Amino acid sequence: MGRIITEAELRSPDTVGLARWLVGKALVRTRRGGSTVHVITEVEAYDSERDLACHASRGRTPRTQTLYAAGGVWYVYLVYGMHHMLNIVTGPQDYPAAVLIRGAGSVTGPGRLTRALSIGRSLNGAHASPASGLHLEDVGLKVGAADIVATARIGVDYAGPLWARKPWRFVLSGPGRGEGGSGRPAPQ
DNA sequence: ACAAGGATACCT
DNA sequence: GGTATCCTTGTC
């Protein structure tokens, strides 16, 4: 068992720094009394209303309400009518930012991850804690700067080149992990 | 290369 | 109430 990551740790306004920090931490799913641990391999930062790729760029809406919570709750939404995306809300209260978890354990791809862990919108707004069935742990894995590759975020061309090109996607690139891609050719 | 799929946001 | 769009994936 690792050390449970606290909400206080997720309330930094440095969304990009938090995203990078979360690579190599673990996503722990607790169901039916048992837990599974999945090392996070791929994340993306979405940083507040100024970031045109962030849902909060359109301001507060019923959907984005969760993003304005203080860091430490899950933001889960449905995209393309069929895939749930899992994000951990970060930053202080009323600072709408989150880190999208795109891959963990042997699972690559955000839609595949939520399907594999049976994560749906019932977790939207829930606290990242063992009681909610999904939380984060520091399992002591050492991840150096050389183990992380930064690239542009996936699927956000609509935000325009300024935001689409920000190198806010972080992929664990350790031994035996290949490029740690999303199952698609890498962008650029 | 592209359809599937449903919620969302924004328009009339 | 209509519709363009979407932080994707699997199959074509």
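In what follows, every chain begins at residue 1, and chains take the letters A, B, ... in the order their sequences are listed. Bear in mind the structure is a predicted one, so any value in this text is a computation, not a measurement.
- Base contact: Met82(A) has a heavy atom under 4.0 Å from a base atom.
- For dG10(C), one of the phosphate oxygens OP1 or OP2 lies less than 4.0 angstrom from a side-chain nitrogen or oxygen of Arg115(A).
- Going from atom NE2 of His55(A) over to atom P of dT8(C) covers 9 Å, rounded to whole Å.
- With hydrogens and angles ignored, a donor-acceptor pair under 3.5 angstrom links the side chain of Tyr77(A) to the base of dC7(C).
- Linking ILVMFWY residues whenever their side-chain heavy atoms come closer than 4.5 Å, directly or via other members, places Ile119(A) and Leu22(A) in the same cluster.
- Of the side-chain N and O atoms in Tyr158(A), one or more sit less than 4.0 angstrom from OP1 or OP2 of dC7(C).
- Residue pairs meeting the side chain to side chain donor-acceptor pair (under 3.5 Å) criterion with at least one partner in residues 86-99 of chain A, sequence neighbours excluded, are Asp47(A)-Tyr95(A), Arg60(A)-Asp94(A).
- The interatomic distance linking Trp163(A) (CH2) with dC7(C) (P) rounds to 16 Å, in whole Å.
- Residues Arg29(A) and Thr36(A) have side chains that never bring a donor and an acceptor to within less than 3.5 angstrom of each other.
- Per the geometry, CZ belonging to Arg102(A) stands 11 Å off C1' belonging to dT9(C), to the nearest Å.
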- Strand DNA chain C as a dot-bracket string - pairs counted if Watson-Crick or G-U with both distances under 3.5 Å, | where the partner lies in another strand: ||||||.||||.

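- By the 6.0 Å contact criterion, NE2 on His127(A) is open, its count of non-hydrogen atoms from other residues, nucleotides or ligands being 12 or less.
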Give me the distances for all protein-to-nucleotides 9-11 of chain B N/O pairs that come in under 3.5 Å?
residue: dA9(B); atom: OP1; partner: Thr61(A); partner atom: OG1; Å: 2.3
residue: dC10(B); atom: OP1; partner: Arg58(A); partner atom: NH1; Å: 3.2

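- Side-chain proximity of Pro110(A) to dT9(C), dC7(C), dG10(C): nearest is dT9(C).
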- Derivation of the side chain to side chain contact (heavy atoms under 4.5 Å, CB included) call for Leu136(A) and Lys25(A): CA-CA 7 Å; Leu136(A) 296 163; Lys25(A) 302 298 186 293; 5.7 Å; no

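- The side chain of Tyr46(A) sits closest to dC7(C) out of dA7(B), dC7(C), dT8(C).
- Under the 4.5 Å side-chain heavy-atom criterion for ILVMFWY residues, a single connected hydrophobic cluster contains both Tyr158(A) and Met85(A).
- Contact check for Trp21(A) versus Ile5(A): side-chain heavy atoms found under the 4.5 Å cut-off.
- Going from atom OH of Tyr80(A) over to atom P of dA4(B) covers 16 Å, rounded to whole Å.
- One can place CG of Asn124(A) at 14 Å from P of dA7(B), the figure rounded to the nearest angstrom.
- With respect to Arg3(A) and Glu9(A), a salt bridge is recorded, a charged nitrogen being found less than 4.0 Å from a carboxylate O.
- A sub-4.0 Å separation between OP1 or OP2 of dC7(C) and a side-chain N or O of His83(A) is absent.
- Distance CZ (Arg112(A)) to C1' (dC7(C)): 16 Å, rounded to an integer number of Å.
- Using a 4.5 Å cut-off between side-chain heavy atoms of Ile, Leu, Val, Met, Phe, Trp and Tyr, with links allowed through other members, Val16(A) and Val149(A) fall into different hydrophobic clusters.
- Annotation: side chain of Ile4(A) is in contact with side chain of His135(A) (closest heavy-atom distance under 4.5 Å).
- Distance Asp157(A) CG to dT8(C) P: 11 Å, rounded to the nearest Å.
- In this entry the distance linking NZ of Lys166(A) with P of dC7(C) reads 18 Å, nearest Å.
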